[in-house]
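Values below: every heavy atom of this structure, side chains too, minus hydrogens, waters and symmetry copies. Both ligands and their constituent atoms are indexed starting at 1 by order of listing. Residues: numbered from 1 along the sequence shown.
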Amino acid sequence: MKKHRLKVIICLMLSMVMLLMAGCSGGNTPASGNALYKAGTYTAAAAGNFGDITVSVSFSETEILEVKIVSHNETEDIAKPVFSKFPEEIVKGQTLALDTISGATNTSKGVLKAVEDCVIQAGGDIEALKAKKSLNTAGEPINKTVDVVVIGGGGAGLAAATSAAENGASVILIEKAAALGGNTLRAGGAYNAVDPERQKSVEMTQPLMEDLKSILDLKESDLGDMAPTLTVLKGQINEYLKGDTSVLFDSPELHMIQTYLGGKREGLDGSVITGKASLIEILAKNSLKAIEWLEGYGLKFTDNISTVLGALWPRTHGPTEPIGTGYIRVLKEASTKLNVEIMTETKGMELIVESGRVTGVKAEKHDGTPVTLMANKGVVIATGGFGANPEMRAEYNVYWPDMPLSMPTTNSSDSTGDGIIMGKAVDANLVGMGFIQLMPSSHPESGALSGGLWGSAESQVFVNSVGKRFVNEYSGRDVLASAALNQKEGLFYIICDQVTAGNPQPGGKNGWGDSIDNLIETKSVYKADTLEELALQLGMAPAVLVEEISKYNSYIDKGNDPDFGKKNFGPKIEVGPFYATPRSPSVHHTMGGLEIDESARVLSTDGKVISGLYAAGEVTGGIHAGNRLGGNALADIIVFGRIAGESAALGK
Ligand code: ADP
């Protein structure tokens, strides 16, 4: 996996000096006389997303003088708006009445809590500071007119804005959060594309060959509107089998068939869902071009091709920059260069419809300032999914026997389905809303993807809390999630050795940018020299884990897993030290959403184009159907984001 989370520990010498000095001020002593505070510098720590955030606060007898973030382990790009705004606003307003920053709720809460503790240490009155009116008051209404308005500043929205501007449109992009990025930023960066140049160094292994040959047995009559593609693919496979089969086979048609079959699912009500062939075709045939487009704007991809979990075939690319940061960086730069106006902390609330055409958006800034944006040519909805809207998930779910409100999510807290709600209000048709992808291997508490150690899908070994395997680890994401939910408390461990963990080193970082030492310290990862010791740390009987792993290693020798049918293996688990990462399923991707046509125009409930309205990215439905292949989301948002932007700019 190329997914990274960039964590940085800030520990300036200056702050250290302040920390040492802090003790001299004496804690918990009430301020005396007219003084509001006992002057001095105090430090405190409170939990953010990933461990403690430590702040130091300096007080005079009457004022908060300075707030500093001393150390943290948060994802830098996500936490940045909090770290830059909160210290300033607390001092400027002498207040603790700050709203949490959208998209960085836990970081906001952590900073506020730590500052509160410092206020208490200084003998201040936190209730008075919390009651003190925030500085934010609504300003004069903002009214603007451009050609294209884009709602949402994740990958799809930024791609749409860039592409609309490339096509000559004046563009405004509004983003609800304080920073751009959405789930795209938090995603791992895995991107599927058929890419003959990079794939020519990938070997065609026996299990892949078996998978490929099994396609020859498929029947066109079972493939709906994808039948003609199957016929073409069978021809390609037969040709390939006549020649050199040492190098991986791949083609857009194979990507299409895998996306289609990988997404074909039956709901609890017996209804069967599949992706729309014409949309899948656009995805598969344009994903490499979209990589080249991104490269043209400065994004660099490694030459390494892998199979991200649930991708089913080695065509996963990854950028050189951690997590989704590279995608957002280059698209922000590109759109800014093309004069796209970006308004953050501006939430799209309602589409404006005039004479049956969508002509604009009513929005609101975080301080309540009303914003009206008129679009001469079109509005693009790119607000992402509804993974962080538990009520909406529960309302639409038709796939999982249970969709608890409390289930964590890998998503940004802004993925609340706003675009779907806005679209529905203008009669947009919704497709596939009941199918929600769970990420099988997420952090059991935060729900995040990051915070662990593992290698590519073949090399992963899952054991439950008694140390037994329970699934073919190379399965699709829904199969893995379902199997995981059947384990005690939905908990399992990914077991790695030094090799399959990617050779982690003390003081080093994993592929997500997490500090290895911190992962071990916070028990996000367990490490031991032997499997026996690892089992003891996990509360398992050592003999059970040892036996299970040696059985698994013997299956690699035989190339056959009689327990769960795994065929695609990585290396054996045999080189110490050994690692275990606790994992649990969390809500990851909402496959359903606004129905679009091939030009990314939004369709109404009666199948007609809604004039002036376009959509792209996770807010749309119809491509991934019941189960999205790992690595297909980023390809989807860039490919369709570009199309939506171009269609809107050209008034298609
Ligand atoms: P995609 O992958 O489809 O681009 P993302 O989750 O990456 O989806 O991006 C969607 C973006 O839309 C997020 O940054 C989110 O904060 C933003 N967003 C969601 N709702 C609104 C809204 N009502 N107004 C403006 N931006 C929104």
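R628 and M591 make their closest contact through N-SD, 3.7 Å (heavy atoms, listed as atom of the first residue, atom of the second, distance).
If you take CE on M392 and OG1 on T590, they are separated by 8.0 Å, rounding to the nearest 0.5 Å. Rounding to the nearest 0.5 Å places NE2 of H624 at 6.5 Å from CG of L283.
Using the six-membered ring where Trp is involved, F83 and H72 have ring planes that are tilted, between 30° and 60° apart. The aromatic rings of F435 and Y399 sit tilted relative to each other, their planes meeting at an angle between 30° and 60°.
Each of D250, N192, N632 was scored for a side chain to side chain donor-acceptor pair (under 3.5 Å) with R315, with one residue passing: D250.
The 4.0 Å heavy-atom shell around ligand 1 contains residues I151, G152, G153, G154, G155, A156, I174, E175, K176, G181, G182, N183, T184, T346, K347, G348, A382, T383, G384, D414, D418, M422, G617, E618, I637, ordered by chain and number.
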